[in-house]
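As the structure is a computational prediction, the values presented were derived from the model and not from experiment. Just so you know, these numbers use all the heavy atoms, side chains as well, and skip hydrogens, waters and symmetry mates.
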Amino acid sequence: MSERDGIGKGHREKEEPFYAGQGRILEMIAASAPLADILTRIVLLMEAQTDGLRCSILLLSNDGKHVRHGAAPNLPEAYVKAVDGLPIGPRVGSCGTSMYLRKQVVTTDVLTDPLWSDYRDLAKSCGLRACWSTPIISSHGDVLGSFAMYRQEPRGPNPEETRLTEAATHIASIAIERQQGHSMLREREARISLAAESADLAFWVLYPEQNTAWMSEKGRAMYGFTPHELLTRESFVSRIHPDEPAAVQAAFEQARASQQTFEIEHRIVLPYGKTRWVITRGRYLWDEHGNVLEIICVTIDLSAQKQSDLQLQVQREELARLSRIALMGEMTASLGHELNQPLAAIANNAAAARRFFDRGQIDPAILKELLADITAASHRAGEVINGIRGMARKGKSTRSRLNLNDVIRDTLRLVRSDILIRETAVVTDFDSLLPDVEAAPVQIQQVLLNLIMNALDAVEALPPAERRIIISTRSLKGKSAEVSVRDFGTGLPADRAEKVFDHFFSTKAEGMGMGLTIARSIVEAHAGTLGAEDAEAGGALFFFHLPAAQRLPINKAA
Amino acid sequence: MRSEKSAESHVVCLVDDDPLVLNSLGNLLASDGIAARCFDKAETFLAHIQVHRVELVVLDIRMVGMTGLEVQAHLSSICCQTRVIIITGSERPDDERNAMQAGAIAFFTKPFDDEQFLAAVHGALAQAKASQELPPEAIVGRPKVP
């Protein structure tokens with residue numbers, strides 16, 4: 001501002017309006033007033049400083065080759081029209097030439113200056129004699145347009161007029177540059193919008209400093225905003241599902257801190273209650289001083305995908321359940337035995353009590369003991385029933401933190417009788433440092449049952465003394481837990497090891513061939529793998545890995 | 001009530017590795033005036049029978065270690081005259097046939113009818129008393145399994 005501080009010295013009475021006028025123009029720029037209005041105000045302000053001065057602002061066209069009308073409120077309309085659209089060049093009056101040469105061109109008399117040879121009559125007819133034209137240069141050094149002063153008498157600019165020119169070109173460059181920035185931004189937004197729309201994405205930009213936001217049409221529809229609704233940070237926050245603002249906030253914060261692109265899957269709730277699953281990716285843009293300029297985000301609507309995922313999950317759960325029921329059919333011995341034992345105890349004790357009564361020997365101590373035994377047997381039967389119910393239960397199975405050693409122990413208890421009946425030795429070799437996993441217990445039990453029942457089948461043809469199964473667990477560097485079930489049967493079908501996981505592949509006459517397929521899908525749904533190979537000294541080895549649960553609970557971490 | 005009267009009266013032995021079932025069998029016999037000796041392991045019963053006279057043993061099939069059928073086979077291999085009733089919580093197709101062929105006097109699937117079971121026990125004891133020297137086939141009169 002130091003140069004312009006000098007403007008108006010010796011004209012104290014004009015000083016105040018000039019500065020006030022400049023201030024008003026800057027306000028207009030800040031408020032994004034139309035460029036034509038701003039340029040007109042600049043011209044009028046300059047003209048007001050000196051008698052007999054007329055000014056104009058011309059703009060350089062987007063192609064950089066033509067002049068465009070900017071503002072010239074006090075020049076004859078015919079002249080303005082004639083100038084609009086002229087090409088810039090080395091001999092195109094003062095303005096076209098100054099834009100072409102990127103420097104001030106002072107024509108003291110249009111009637112004699114060769115630059116004006118083509119426009120002499122035009123200028124003369126409009127009563128213009130002198131024309132001093134100065135290019136308006138952007139902060140990046142590009143020509144944006146020109147500012148011209150006209151007088152009716154042939155002369156050059158005095159020092160005050162030179163200072164006014166400097167002020168005018170400076171303010172005009174801010175106004176034009178800013179407007180171009182805006183239109184570039186709008187153009188960019190329009191382009192991205194087009195891309196986003198065709199890709200079914202919502203695109204949005206948040207300007208944190210102004211707390212305003214722009215959002216593509218598709219995005220507004222996705223978020224339930226009306227096409228012209230003014231958007232702020234709060235508009236977006238209001239759409240986030242009540243369970244998730246903290247998570248979304250954290251994602252933004254992390255992106256800001258790490259200067260990385262963030263991605264978060266969350267739900268948004270529309271004003272009329274509809275919930276959408278979306279995934280939002282975004283990043284922060286910074287200026288050279290480290291201030292956040294804007295946050296650019298793309299949001300994809302996952303609702304349809306989620307819906308089909310959920311449906312798929314329901315189908316998978318149901319299939320797993322049916323498979324469990326089929327599996328229970330195979331475990332007849334165990335289920336029957338486990339129920340028959342307590343039922344027999346109940347029946348025997350009840351019969352004994354009745355007989356003691358019949359014989360008139362009612363020792364209260366004996367009766368109490370009989371009743372206690374009946375109660376204990378009933379509880380045991382109840383536990384068996386609960387186990388069956390758990391296996392057959394419909395619906396979503398919830399995951400919890402499990403130690404696979406415990407799950408294997410429970411599962412072996414469940415099939416104890418089948419193992420006994422088949423006269424098979426089951427040896428366990430547990431890794432005491434096995435990491436916990438995050439899993440649905442019923443489903444993991446199902447996988448184990450599948451592998452154990454298959455192993456029992458595999459050794460059935462062997463003489464009882466050789467019927468052996470080894471179940472072992474192993475920690476894989478603490479990152480995952482491995483369970484393997486090894487039998488000493490005939491091994492996997494030759495050359496078709498992977499086939500055992502195919503649908504409807506079964507080596508058993510009564511087998512549906514679904515067991516291992518479902519077992520594998522269960523393990524994979526837990527981000528694990530299930531495989532099979534021939535064991536070294538004969539027999540088959542089935543194994544699965546599950547990733548270790550994320551964090552140790554505090555009491556275990558100590 | 002479970003056992004421990006005089007050694008004389010322990011002519012009936014019960015072998016089942018499930019304590020709930022074993023106790024209930026003892027109770028059932030006690031309610032009918034029969035003192036039985038209970039074993040939760042086949043091996044301890046086999047040790048017992050070497051030094052005691054046992055008229056009747058009730059054997060469960062599915063036990064950890066030795067099965068009831070193996071115990072039965074062992075008894076006949078040592079020419080033991082003890083009568084055998086086989087009980088099981090989970091019948092496999094051939095269990096009953098094998099047991100009866102091996103000379104069992106009755107076969108019951110748990111849970112079973114107390115009257116039929118006690119009838120089989122009494123029948124075995126009466127026959128044992130009346131005709132020690134008769135071959136086992138002659139005294140088979142097994143009750144129908146419910």
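- The local environment of CD in A:Glu536 is sparse, with at most 12 non-hydrogen atoms from other residues, nucleotides or ligands closer than 6.0 Å.
- Within 6.0 Å of atom NE2 in B:His122, more than 12 heavy atoms from other residues, nucleotides or ligands are found, so the atom counts as buried in its surroundings.
- Heavy atoms of B:Ile87 lying under 4.5 Å from chain A are absent altogether.
- With B:Ser24 as the fixed residue, the side chain to side chain contact (heavy atoms under 4.5 Å, CB included) test singles out one of A:Ile374, A:Asn348, A:Leu370: A:Asn348.
- Between the CG atom of B:Asn27 and the CD1 atom of A:Ile366 there is a distance of 8.5 Å, given to the nearest 0.5 Å.
- Under the salt bridge (charged side-chain N to carboxylate O under 4.0 Å, His left out) criterion, the residue pairs touching residues 376-386 of chain A are A:Arg380-B:Asp18, with sequence neighbours excluded.
- In this structure, CZ in A:Arg422 is found 11.5 Å from CZ in B:Arg62, a value given to the nearest 0.5 Å.
- Closest heavy-atom contact between B:Ser31 and A:Ala351: OG-O, 4.5 Å.
- Of all the listed residues (A:Leu420, A:Ile419, A:Ile346), the one sharing the greatest number of non-hydrogen pairs under 4.5 Å with chain B is A:Leu420.
- For chain A, the option among B:Val21, B:Leu20, B:Asp16 with the highest count of heavy-atom pairs below 4.5 Å is B:Leu20.
- Screening A:Arg359, A:Arg354, A:Arg355 for a salt bridge (charged side-chain N to carboxylate O under 4.0 Å, His left out) with B:Asp32, the sole residue that qualifies is A:Arg355.
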